[in-house]
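Note: hydrogens, waters and symmetry copies are ignored here, and every other heavy atom, side chains too, is used. A note on names: the letters A, B, ... follow the listed sequences, proteins ahead of strands, and every chain is numbered from 1.
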Amino acid sequence: MEYDFRAIEQRWQAKWKAGDAYKVTEDPSKEKFYVLDMFPYPSGAGLHVGHPLGYIASDVYARYKRHQGYNVLHPMGYDSFGLPAEQYAIQTGQHPAVTTEANVARYREQLDQLGFCYDWSREVRTSDPAYYRWTQWIFAELFESWYDTTADRSKPIASLLDALNSDGLSTVKPACDGDWWKVLPAGKYPWDESFDGRLTADQWKACDAIAQSHILMQFRLAYLADSEVNWCPALGTVLANDEVKDGLSERGGHPVVRKRMRQWIMRISAFSQRLIDDLNSLDWTDSIKEAQRNWIGRSEGASVHFGVAGHPERTIEVFTTRPDTIYGASFMVLAPEHELVELLTSAGQQEAVTAYQTAAAQKSERERQGAGDHEVSGCFTGGYAVHPITEDKIPVWIADYVLAGYGTGAIMAVPAGDERDWKFAKAYGLSIPAIFEGVDTDEAVYTDKDKALCNSGAFNGQTPVEAIPAAIAFLEGKGVGKGQVNYRLRDAVFSRQRYWGEPFPVCYEGDIPQLIRDEQVTLPPVDAYLPTEDGDPPLARAKKEDWNVTRGDRMEYNTMPGWAGSSWYFLRYMDPHNNTEFCAREKSDYWGQVDLYVGGAEHTTGHLLYSRFWTKFLFDRGWIGFNEPFKRMINQGMILGRSNFVYRVQGTDQFVTSERRKEFQTQRLHVDINLVQSDKLDMEGFRAWRPEYANAEFILNEEGDYLCGHEVEKMSKSKFNVQTPDDLVERYGADTLRCYEMFLGPLTQHKPWDTQGISGVHNFLRKLHRLFNQTASGSAATDPQYRVLHKTIKKVSEDLDRHAFNTVISALMIAVNELLEAKTQNAELLRPLAILASPVAPHLAEELWQLSGGVNSVLDQAWPVAEEHWLTADEETYPVSFNGKVRFQLTVPADLDAKSVENQALAHEKAQDYLAGKTVRKVIVVPGRIVNIVVG
RNA sequence: GCGGGUGUGGUGAAAUUGGUAGACACGCUGGAUUUAGGAUCCAGUGCCGCGAGGCGUGUGGGUUCGAGUCCCUCCACCCGCACCA
């Protein structure tokens, strides 16, 4: 009987669907296992063969865990808010929901044909109001929370109000901007210029409601603030730091500039240390953990206050990791945007400073970073700072290389010990005090830490390692500085000036935002998906009656960023239809952390950071019982395309075969891989492909073929190298495609797609099918056949445990080859093999399970156990080597002791050739492995 | 510059604790068969050599009876971050 994969796959997909085979419910009697895929953004292009790689791997693992008796949660959904649908809407006027719906349907169709074991009753879509209602709820709870830095926990805002009313800020330390009282919007506050942030209960109570709400805003975890944001004019929206690459937007590659805007912001920075510390509890690769640490960017050092000459009441605060080098600070540099620039600038320098500031503001982020080559530029303010120890007056400059967004936006420049400061000093002729013993820092900068300090007062003779803590203590004693830990991680901008995202559950009364919590705010229809003429976001176009809720003076016009919905979706799968909570605590207690998270490595840094942040927040507030979302994570490698090329002789319609292209001046052109078989071009097909090739003539090779060139590169439409899973499922079946993608190589590695190899895997499934079709009643299984089975059980189980899916397929191939060779006909023996094959080839496995007399579905069969006695052979064959070179094989009884093995090896007739005239110095016998005879 | 990773046949790769390098496939070569197909079956296939044998896991060294695996050096490529004080 032929392997009719179409009939088999259709039959079982229909039966599984009819029987709800993949539906799971909480079952306290069973141990749970949560296997999650990164849910896709449903793009219009559909899936290519690279997309399902991770889905197949997680599916295989989920099925394996189910066989092992776990209650497996394996859901799927869509990250369905996003830019492409909106941009399509801008162009066509079609509502993004319509585009999204169509794309989702297409994705579902493609996913279904691969036979995944998703429980589709748990599907979520981030753009579904029933879902984003809870994204809005989490936002609202963040708004209603503050971060207690003493307890290192998020707490409800009510507890902060209690504290403010009774003790002001004397007993609580909420996470906030350092100088929160300086950035308050205009209003009436009961304090004067000298206020330093130590708010008393009386002052608090003396504030009116508006002032109180402004103050409270400074402590909320979701807060509104004017801040420098990454503004992308082409996209008309702000972007988060991780959405900007090299000063260009990640999507579309448009220039990004800095702009000051009032935005919703998430206080993720309060979680910095926990986000670093808790990485230790996770089973992730070092590279992902490192990327997280890198992004958070912790550095230890000191904050130091320099005086301002002529303004004894003001100080310039800087952060430094090298407080030991403070005696070498010969000038200061402020970011051009620094608030003290105005005060410091002398009349004579005013013009130059303003020009420099203007130029800096107009530069794009990319230009400002010098696009890699770090040119020095700066401008003297004309003002001076006072060194906190020597009390010398040192000049203050502004320069691009000091970033407003890091530290305090100001540095003490130590040219002797810092590369950039040194370059800057050289460029502008500033002094470079020598502070390292025996180092001429006039010639080159010295950044190592193994020379003692000099010209450094009390620190003279100490190495930096000793001097750093000493310097911190000294500065603290003098009251001009203190030890400090700094993080690169900034608070995350949470507003987007787009239509296709979650609307905020917020309205405004004046400029005071009010939460709307009793009714869900849904996206109103708009007449166009572009900003208004006043530059307001698209939602400002909605008329009052278009909103389902209108309150206050106006609604919030911004929407939430793409990462909002994807930061908690793994929780919603646990309780997807709950309309009173985002997820019932009993459900999240049962399902717990994601045990295995599979996805691409491309955009994970931000996603992981944000999901971890929200998870910690929800944990702090007691809504879930774990503080990290993903216990273990695997990044699948990218499947690369294999492009084909034709070579057109320049200025002609002639195309030359790859072997002879050097004889001509040619132009290399991508050709559709569907027109190429084993690099041979279908010339007729090529002519028919595109009108400009209709008259193509070919210069062929000796065999009369046209051979195409090839190269491995990313799959993309424009390279005509996209392979869709649909074609392959049609031709070989889902099981073949699943097995082939797993067989291709280690999951985590990038690898080129090569359709040719698929025939080997397809053959394997045909042979497996044949093996079961040759069973005969009454035929007994032999011992060697049992050994093959149990060896395979062991190998497949171990390989699945360590996610080595490629060798699982090899092991099954070997088993099938050997069992066919051994003419196995016993159904009893074969049945466990169907279970072993079921994770990778579920349809065929089910068919063969039934065929071999299995009861119920193969899906629920217990995973077979390898029996030890079948794993040991009666005889053992040792490779016998002389001085490490294997010379012959020696077969002995398996239970023979090492000494006897040694004797037999030495007595072996072939050994005599190698022993002649030599003395045996040593014999090593590794039981079950090898015999090595050392002669000399 | 910093951090992470990878280098093994013509190709994808295997070798889990140091123990026969190249399993399993693809491709290729030869043969058989055939309803001529992108089918099936058999044999061969790391390199050099007629052979015995020698050489082989990016380079060079080291440890060891034994190294793809451990240590040091250098090289190449890929990915992430990057004027972060």
Give the nucleotide from the list B/rA25, B/rC26, B/rG19 with an atom nearest to the side chain of A/F743. B/rA25

Could you give the distance separating B/rC72 and B/rA82 at their C1' atoms, to the nearest angstrom? 29 Å

Pick the C1' atom in B/rC50 and in B/rU11, then give their distance to the nearest Å. 30 Å

Determine the Euclidean distance between corresponding C1' atoms of B/rA85 and B/rC75; express it in Å to zero decimal places. 34 Å

Heavy-atom side-chain proximity of A/L768 to A/L833 below 4.5 angstrom: yes

Value in whole Å for how far the C1' atom of B/rU40 lies from NE2 of A/H769: 17 Å

Under a 3.5 Å cut-off for both contacts, is B/rG1 paired Watson-Crick or G-U wobble with anything, and if yes, with which nucleotide? B/rC81

Which nucleotide, in any strand shown, forms a Watson-Crick or G-U wobble pair with B/rA32, with both distances under 3.5 Å? B/rU40

Using the C1' atom as the reference point in each nucleotide, state the distance between B/rU63 and B/rA14 in Å, no decimals. 27 Å

What's the closest nucleotide to the A/S299 side chain, out of B/rA85, B/rG12, B/rG19? B/rA85

Given B/rC24, B/rA13, B/rG54, the nucleotide with the shortest approach to the side chain of A/R887: B/rG54

Could you tell me the separation between the CZ atom of A/R298 and the C1' atom of B/rA82, rounded to a whole number of Å? 20 Å

Do A/R766 and B/rU40 have a side chain to base donor-acceptor pair shorter than 3.5 Å? no

4.5 Å side-chain heavy-atom contact, A/L915 and A/F882: yes

For B/rC74 and B/rA25, measure between their C1' atoms and round to the nearest Å. 35 Å

Ranking B/rG27, B/rC65, B/rC84 by distance to the side chain of A/V934, first place goes to B/rC65

Protein-nucleotide distance (A/D324, atom CG; B/rA85, atom C1'), rounded to Å: 13 Å

Among the nucleotides B/rU16, B/rG19, B/rA25, which one has an atom lying closest to any side-chain atom of A/I930? B/rG19

Name the closest nucleotide to the A/E290 side chain, picking from B/rG19, B/rC83, B/rG3. B/rG3

I'd like the P distance from B/rA23 over to B/rA43, given in whole Å. 15 Å

Is any side-chain N or O of A/R490 closer than 4.0 Å to OP1 or OP2 of B/rC84? no

Measure from NZ or CZ of A/R488 to the centre of the six-membered ring of A/W295 and say whether it is under 6.0 Å with the direction within 45° of the ring axis. yes

Criterion salt bridge (charged side-chain N to carboxylate O under 4.0 Å, His left out) on A/K823 and A/E821, from CA distance to verdict: CA-CA 5 Å; A/K823 303 205 163 20; A/E821 177 91 352; over 6 Å; no

Touch check for A/Y732, heavy atoms < 4.0 angstrom, all strands: base, sugar-phosphate only, or nothing? base

How far does CD of A/E741 sit from CD1 of A/I758, to the nearest 0.5 angstrom? 8.0 Å

For B/rG46, measure the glycosidic angle (O4'-C1'-N9-C4 for a purine, O4'-C1'-N1-C2 for a pyrimidine) and name it syn if it falls within 90° of 0, otherwise anti. anti

Given the rule in the salt bridge (charged side-chain N to carboxylate O under 4.0 Å, His left out) test, do A/R802 and A/E798 qualify, once you have shown the distances and angles that lead to the verdict? CA-CA 7 Å; A/R802 61 190 178 103; A/E798 285 173 357; over 6 Å; no

If you measure from the C1' atom in B/rU69 to the same atom in B/rG58, how many Å do you get, rounded? 16 Å

Shortest non-hydrogen pair, A/T877 vs A/P879, comes out as O-CD, 3.8 Å

Atom CG of A/D448 and atom C1' of B/rG1 are separated, to the nearest Å, by 13 Å

Under a 3.5 Å cut-off for both contacts, is B/rG68 paired Watson-Crick or G-U wobble with anything, and if yes, with which nucleotide? none

Specify the separation, in whole Å, of atom CG of A/N763 and atom C1' of B/rC41. 12 Å

Without decimals, in angstroms, what is the distance between A/K922 NZ and B/rC65 P? 5 Å

Figure out the CE/P separation between A/M813 and B/rA25, and round it to whole Å. 6 Å

With ring centroids as reference points, do A/Y446 and A/W422 lie under 6.0 angstrom apart? no

Side chain of A/K795 (C-beta onward), nearest among B/rU16, B/rA85, B/rC84: B/rU16

Classify the side chain of A/N294 versus the base of B/rC81 as yes if they form a donor-acceptor pair under 3.5 Å and no if they do not. no

Crowded around A/K426 NZ? As in, over 12 foreign heavy atoms under 6.0 Å? yes

Can you tell me the pairing partner of B/rA15 across any strand shown, Watson-Crick or G-U wobble, with both distances under 3.5 angstrom? none

What distance, rounded to whole Å, do you find between the two C1' atoms, one in B/rU57 and one in B/rU40? 36 Å

Nearest-nucleotide 5' precedence on RNA chain B, A/D754 against A/N932: A/D754

Using the ring of each side chain (for Trp, its six-membered ring), is A/W397 parallel, tilted or perpendicular to A/F424, with breaks at 30° and 60°? perpendicular

Nucleotide forming a Watson-Crick or wobble pair with B/rG51, both distances under 3.5 Å: none

Look at the side-chain N and O atoms of A/Q749 and state whether any lies under 4.0 Å from the OP1 or OP2 oxygen of B/rA13. yes

Do A/E713 and A/S643 have side chains that get closer than 4.5 Å, going by heavy atoms? yes

Under a 4.0 Å heavy-atom cutoff, the residues of residues 635-643 of chain A touching RNA chain B are none

Partner of B/rU45 by Watson-Crick or G-U wobble geometry, both contacts under 3.5 Å, or none? B/rG27

Touch class at under 4.0 angstrom, heavy-atom based, for A/S287 against every strand present: sugar-phosphate

Quick one: which of B/rC24, B/rA13, B/rA85 gets closest to the side chain of A/N817? B/rC24

First of A/F319 and A/I924 reached from the 5' end of RNA chain B, by closest nucleotide: A/I924

When the distance from CD of A/E798 to P of B/rA23 is rounded to whole Å, what number comes out? 21 Å

Below 4.0 Å: OP1/OP2 of B/rA14 and any side-chain N or O of A/N806: yes

Nearest-neighbour nucleotide for the A/R488 side chain, B/rC81, B/rG53, B/rA13 considered: B/rC81

Nearest to the side chain of A/Q889, which nucleotide is it out of B/rU20, B/rG19, B/rC55? B/rU20

